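Since this is a predicted model, take the numbers as computed values, not measurements. Only heavy atoms go into these numbers, but all of them, side chains included; no hydrogens, no water, no symmetry mates.
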Amino acid sequence: MCDPERALSASPNWYCSRCSDAAGGLLGFGARNSIFLLRISPEEPGFYGELVGHTERVSGFAFSHCSGLTHLCASSSDDGTVKVWDTQTRTVVTEHKLHRSTISALHWSPLVKGLLVTGDEKGIVVCFWSNRNEGQQFFPEPRTIFCLSCSPHQEDLVAVGYKDGMVVIIDISRRGDVVHRLRGHDEEIHCLAWCPQLREEDLKLEDMSGEEMNATDGELLPESENKVCYLASGSKDQTVRIWNSSSGKVIMTLKMPHLKRRGGGLDPAVKDRLWATLHWPHGRPTQILCSCFGGELLLWDLTKSGKQKWTILGSSDGQNHSRIVFNLCSLITEEGRELLLSTSMDREVKCWDLGLLSCCWSLTSLGGFVYSLAFSPMAVGSLAVGVGDSMIRVWNTLSVVNAYDVKTLWQGIRCKVTALSWHPTKEGRLAFGTDDGKVGIYEVYSNKSPQISSTYHKKTVYSLSWGPPLPPVSHAADGDKPAFTLYSCGGEGLIYQHNPWKLNAEAHDLNKLIRDTNGIQHKMPAHTELNWRADWEHLAVGNEDGSIEIFRAPRMQLICTIQQHHKLINALRWHHNHGEDSKLSFLLASGSNNAVIYIHNLKCMLESPSDAPVTIIEPFRSLSGHTARITSLSWSPHHDARLVSSSYDGTAQVWDVLQEEPLSNYRGHKGRLLCVQWSDLEPDQVWTGADDFSVHRWSVCKQEHSRPPKGKKSIDLEKKRTVQLKPKPKKKRTDSPKLDAAGELVSGDPESPSCAQNGTSDQEDDHISSDQTTLEKTPMEASSEIPAQPILPSSPALVDHSPSPPPRNIPSRRDRPDLSSRKKKSRSLLPLSTSKDHRSKEDQHRDCVKLAKALCAKDLKQGSHAALEEDVHLGLYSDRSTLYHLLEEEGKAHLESGHPELQHQIMLWKGDLKGTLQLASERGELTDQLVAVAPMAGYKVWMWCVEAFVKQLCFEEQYLKAAFHLLSINKIYEAVQLLRGNHLFREAIAVAKSRLLPEDPVIREVYTAWAAVLEQDGHYSMAAKCYLGASSSYDAAKVLAKKGDLLSLSTAAELALIAGEKDLAASFALRCAQEYVTSKNWVEAQQVLDQHHSLLLLLQLSHEMTLSVLCFLTKKWDEVGPALLGILKRCHQSGHFTLMQEVSRLMLADGYIELRNNISPENQQNMAACDSLQAFLAYIKLYEVWWEHANSLSSKPAGMELVMDTPSGSSENLQTSGLDPTLDNMLDFGVLLSELHAAFQRAQRDIAEVQTALRDMIQQHQRIRQIQDNSLELEQDTNMSQDKASDSQSQISSGPSPLSLAELMKKLSVANHKLAEFPEYLKVLPFPDVLESCLVLLHLPLDNLSPKIRAQALSLLTSHSSGSNDHEKAAVKFLSS
């Protein structure tokens, strides 16, 4: 990337204790989230580079002043990082994030190489050795740190200034122990500065009390060779104190003077707004510099006696800053001159020669987006810059004395400057447009305030252009019309023609002339851009729908329409007419919100226009390469058909239009480009402005790239652009400004440069889609530009100190006449009569004679009317009929002048209420006032009037008001339908639910209609709410799941489950779980399926089966058995026998023999697991045989066979009909008849039985106690208790365990002892229910069961079924036989 040759950078950040420093011939300062580096010389500054890497505001900056390391610097930021940079490579060397709160102070030790000391708002001090990447934290005081400074004489001492006025000196070699607490300041410490040299003699002490003299807190430091080291502190309490760091005593207190400036005294508010920054020059140990209230810099001589020890820098007011100064630093040139550099709130960086105490140069910086650039056609090299900080900069780019000769214009602007245009023939006349719709004209080379047009645009001014006068301005006489008028295009889509000679007059809307000339009846598109051709006869107008219209002056006849773009037009530029080929002057370049630039050749259209407008759909040339919207275009005035474009992709591109080839691409900005201008003098120079608060000048031939970035480069550039300053939330403050603030509320002078501006005033949303086609145009895309540094509520108002003209005495508000208190004379309802009564005396006399004749006539009723028929105005003094005639004429006059409401009032005076309502209804001029008085004419008239007014309001698209009036006549259904029909569903539902019954079907219809619209627009969550409101939970769940993301699916499943739609809920939950499983998020999948037990079982089984298969494949035989047992147990417990069958078929297709052969016989637990697995397989096959025999009682299909595994692992085919199985066939079921497991399961049943009895006993006791407590009468209570007690006793006695509590506890103890005798593996490994298996075996036919197996099953039933009611009942059939 090629750096700019010249640039105006962003403003240095405000309210930072140390945010600029100088070393090695460079000055660095933090501006927004970057650090700008300048080459410093006494003549002029030069742009060196920019350090980019922080994501939030830079709060501190310092160079390393150690020998050989001056190329290193460090910065801190509100993003919590401290970075060390190499200025030669402009890269980060190292960084740390040891702070947990906002960093407020930073300093690089002048003695220890690589030592960085930083402090934050919580009082934490961090020492970081960058050369070895080690850090150490200290907490000397629980206070907010404002500034700190490392001693240049003792490497372990650091001075720390706090918000409450305390200054402490700590020793970092002793873990931050406090050496001295320096008390004396009352408010926050803004700056600390050490004397650069040790002093042998003490400075002259002030006259102060002994108590203050001895105000030391700490131990005495050893003085090296009897030399004293001094520390200076500057505070908001308007004092600078000099301290003896060895003794901790204050030596001198300097009170800041209140300097009077030309133009009046000091505003009292300025006294409360102060930033006291200090600097102790290198070679001047007896002199110290500090800033004062209004931006003045004072040089104090500490050895001088008397009251005035200071000298002000600057020989005139023009050299001083006009706002408070935040940072001071100095450097020594090669010639030995010491230069002082200062940064201020006035957004200027100044260089001072301390030898001459004068300003060498000033560098202007920018505090907002650069929206517009314009070169003057008369003053060559004069570049106007429109900035978002409510100021215009006029830069004389050809100045040989000062390369940054910039004049700042701010008076009368008060808003972001978004458009600029120089007058084509009047030198110094500059037109500007602002974000609030204001249009004005500045005379740049005078000190006058700008002229402001009385006609404002409703939205942002997009474009300005001077052009020839058009009707009605052109109809004036030659001496009364200007040669050029100003045309402005605003965000509301209108183009106004402003007469520069009569800006107080109303501007003319160009649409009216276009409609009248071309007979246009349809709605015209909103205009977004305009540009006059060099012949001043043709005007190109760009529209919001992407069309471009070409008009011929002066009647604005439409010649042709270009339908090429499909999005909002941002830029239009005609080719200049002084090229070698005159045909090129007919070329028109256009750029829009899409990334393609089109060139159209309009030669045929302009030279030979047709009778009717022509539509052009094919371009002459197309320039493709940008990846985002086009914001500005500029033809080269030095070449033919060479164009430069700026884009939101962050680059500027130079094109060869005829060849459609890109020539050069500039990528020096780190933000989106908003404007571009080709230099009017240098053929190879281009100027660009962007939303990174900077203006760059660059050479076309020096760029390494020829086209905009593609692929990965484009992504990297986008990442770089998105490193924008993040606005931090404002904190409530009741006292002084915080270190991270960068702005203050501006008031006082109504013409101050900014009413509420910060160090950085603009911040746009970086994620605005480049395809957006709203009426808001490119540079003003963000709805609001957020200050990057918060405005301080506690900061006092600024005083007006203009950087260019001297300040004027503005009369106070009290001295000004209060215009609002003057009463405005009301408009007469009888203007015709009033005007006639204000004629000449002769006319008045004649009226008196006529009136006398009329009143004295014999027949007064007829004669008066006839005599005064021509003199209607005399009807006020005659009879009623002539008065009515006068009122009719007055009403007609009001109607013709566009004031129908006055005519209505006159008709009401006559008492014709119904006629007034009828007339107003026919003309669509009904008002709230007329409707309010309508009931005076009767109920029917009132109802009719309200209905007519509703129709009128609907025609005017005031649907809410129309619904309100329908409700006033109790037409609720009509009001709901009106709101619903105009997509005001929210209001319709509110009305319907408030006024109708809950079961009214209209409510459901409105909900359903709204849900359908929301669903169509993709607002599924809102649609689901509507369906729920309509009691349609099924539809709500379905629409929620449409989006298909995890959150929507889980919510839809939960909603469906609540509504009772279990199948639907299961389907959504399964989809959601599948997504989680795909992403290997097992925990979330399980949580989703927790409420769906069958689905959860499948998930758990699949997980456990996967683990068992992995164990099998990896030959971990000891883990295979327990894993398979867990699967079968889970299926058995859930009651899914079929699932258990499928699992056994899949996992144990070859039986358990392979598992038994691969485990060690000596491992008793593994063998038991294998036996349990064999038992489960036999359990499954047992039920299969039983069910098969139950189904085979009828005839069976031939050939059906049952395959069973024998203990030896071989398979035999058992015919299901007529086959007598041998004893070997039944050995597979014998594993189920385990005496050990039967005894263990009986012990478990005994314990469960005792626990059940205990639970029943406790519950019964609780019921008895509750009955006793709730009884109202003692006898009834006693009888009831006895009855209940007897009932409960009878219930207990009738139960299966008529035992007392002691017997139950004894039985439980015995069962627990028995259970403890069994081996541990038996308690862990699952096994089928032995008694259940016995019962199933006994249910098999006798011919299919061996006697041994039957006998063994009967024996187990006899031994272990006692005590279990279920088993005893089932076994009665077999035991009795």
Side-chain angles (χ1 to χ4, degrees), residues 1-7 373 375 383 397 531 564 570-581 583-592 594-601 619-690 695-714 716-718 720-721:
M1 183 187 298
C2 185
D3 290 328
E5 299 173 0
R6 291 167 71 181
L373 296 173
F375 273 106
L383 175 65
T397 61
N531 189 242
Q564 194 67 49
N570 289 324
L572 289 174
R573 291 296 179 270
W574 290 95
H575 194 282
H576 56 80
N577 61 352
H578 53 265
E580 295 180 0
D581 188 355
K583 297 180 181 179
L584 296 178
S585 64
F586 294 96
L587 297 183
L588 175 65
S590 58
S592 68
N594 53 21
V596 181
I597 302 168
Y598 293 111
I599 312 296
H600 289 87
N601 189 346
F620 174 66
R621 293 289 187 271
S622 298
L623 307 178
S624 301
H626 282 296
T627 58
R629 66 183 60 185
I630 308 301
T631 57
S632 183
L633 300 170
S634 179
W635 291 96
S636 169
H638 315 284
H639 310 84
D640 285 345
R642 186 161 296 183
L643 181 72
V644 62
S645 59
S646 63
S647 171
Y648 258 26
D649 62 11
T651 67
Q653 179 66 45
V654 179
W655 307 87
D656 184 336
V657 172
L658 298 181
Q659 300 299 323
E660 295 183 323
E661 288 293 330
L663 301 179
S664 178
N665 183 259
Y666 178 67
R667 306 180 183 180
H669 288 280
K670 64 178 182 64
R672 299 170 296 187
L673 270 67
L674 304 180
C675 52
V676 64
Q677 279 289 320
W678 207 298
S679 174
D680 58 348
L681 192 63
E682 298 292 337
D684 196 48
Q685 302 294 326
V686 176
W687 299 78
T688 50
V695 175
H696 290 182
R697 188 194 77 175
W698 47 276
S699 295
V700 176
C701 63
K702 295 182 180 179
Q703 305 309 310
E704 55 180 304
H705 302 284
S706 61
R707 61 177 63 247
K710 298 288 184 182
K712 184 177 182 299
K713 293 183 179 179
S714 179
D716 294 341
L717 194 62
E718 180 65 24
K720 175 189 173 185
R721 292 201 311 273

Checklist entry - Any donor and acceptor pair, going by atom type alone, linking the side chain of Asn570 with main-chain N or O of Ile630 inside 3.5 Å? => result yes
Checklist entry - Does the side chain to side chain contact (heavy atoms under 4.5 Å, CB included) test come out yes or no for Arg642 and Leu663, once each step is laid out? => result CA-CA 9 Å; Arg642 186 161 296 183; Leu663 301 179; 3.6 Å; yes
Checklist entry - Would Glu5 and Lys702 pass as an ion pair if we require N to O under 4.0 Å? => result yes
Item to check | Which residues share a ring-ring contact (aromatic ring centres under 6.0 Å, His included) with His600, sequence neighbours left out | outcome: none
Item to check | Main-chain N/O of Tyr648 paired to Arg629 side chain as donor or acceptor, under 3.5 Å | outcome: no
Item to check | His696 and His669 aromatic ring geometry - parallel, tilted or perpendicular at 30°/60° bounds | outcome: parallel
Next on the checklist: Give me the atom names and distance for the closest heavy-atom approach of Ser634 to Leu643.
Outcome noted: O-CD1, 3.5 Å
Item to check | Gap between atom CG of Asp649 and atom NZ of Lys710 - 0.5 Å precision | outcome: 8.5 Å
Checklist entry - Aromatic rings Trp698 and Tyr666: how do their planes relate, parallel, tilted or perpendicular, breaks at 30° and 60°? => result parallel
Checklist entry - Hey, do the aromatic rings of Trp635 and His575 have their centres closer than 6.0 Å? => result yes
Checklist entry - Of all heavy-atom pairs between Cys701 and Asp684, which one has the smallest distance, and what is that distance? => result SG-OD2, 2.8 Å
Item to check | Contacts of Ser706 that satisfy side-chain hydrogen bond (donor to acceptor under 3.5 Å, both in side chains) - sequence neighbours left out | outcome: none
Item to check | Check: Asn577 main-chain N/O paired with Ser585 side-chain donor or acceptor under 3.5 Å | outcome: no
Checklist entry - Taking all atoms of both residues into account, what is the closest heavy-atom pair of Asp640 and Asp581, and its distance? => result OD2-N, 3.8 Å
Checklist entry - Hey, does Val654 have a side-chain heavy atom less than 4.5 Å from the side chain of Gln703? => result no
Next on the checklist: Distance check, rounded to the nearest 0.5 Å: Arg707 atom CZ versus Trp655 atom CH2?
Outcome noted: 7.0 Å
Item to check | Minimum heavy-atom distance between Pro662 and Glu660, given as atom pair plus value | outcome: CD-O, 4.1 Å
Checklist entry - From Asp656 CG over to Ser636 OG, what is the distance, rounded to the nearest 0.5 angstrom? => result 11.0 Å
Checklist entry - In Å and rounded to the nearest 0.5 Å, what is the CZ to OG1 distance from Arg697 to Thr688? => result 11.5 Å
Item to check | Nearest heavy-atom neighbours spanning Leu658 and Ala641 | outcome: CG-CB, 3.6 Å
Checklist entry - Are the side chain of Trp678 and the backbone N or O of Val644 linked by a donor-acceptor pair below 3.5 Å? => result no
Item to check | Between CZ on residue Arg573 and OG on residue Ser645, distance to nearest 0.5 Å | outcome: 12.0 Å
Checklist entry - Side chain of Trp687, backbone of Ser679: donor and acceptor closer than 3.5 Å? => result no
Next on the checklist: As a test of understanding, state which of Glu704, His626, His705, Gln653 forms a side chain to side chain donor-acceptor pair (under 3.5 Å) with Asn665.
Outcome noted: Gln653
Checklist entry - Do side-chain atoms of Lys670 reach the backbone of Gly650 as a donor and acceptor pair under 3.5 angstrom? => result no
Checklist outcome for this item: d(Phe375 CZ, Leu681 CG) to nearest 0.5 Å is 9.0 Å
Checklist entry - Which residues satisfy the side-chain hydrogen bond (donor to acceptor under 3.5 Å, both in side chains) test with Gln677, sequence neighbours excluded? => result none
Item to check | Ser646 versus Leu674, closest heavy-atom pair with distance | outcome: OG-C, 4.2 Å
Next on the checklist: Walk me through whether Thr627 and Thr651 qualify under side chain to side chain contact (heavy atoms under 4.5 Å, CB included).
Outcome noted: CA-CA 10 Å; Thr627 58; Thr651 67; over 6 Å; no
Next on the checklist: Is it the case that the side chain of His578 and the backbone of His638 share a donor-acceptor pair, with hydrogens and angles ignored and the cut-off at 3.5 Å?
Outcome noted: no
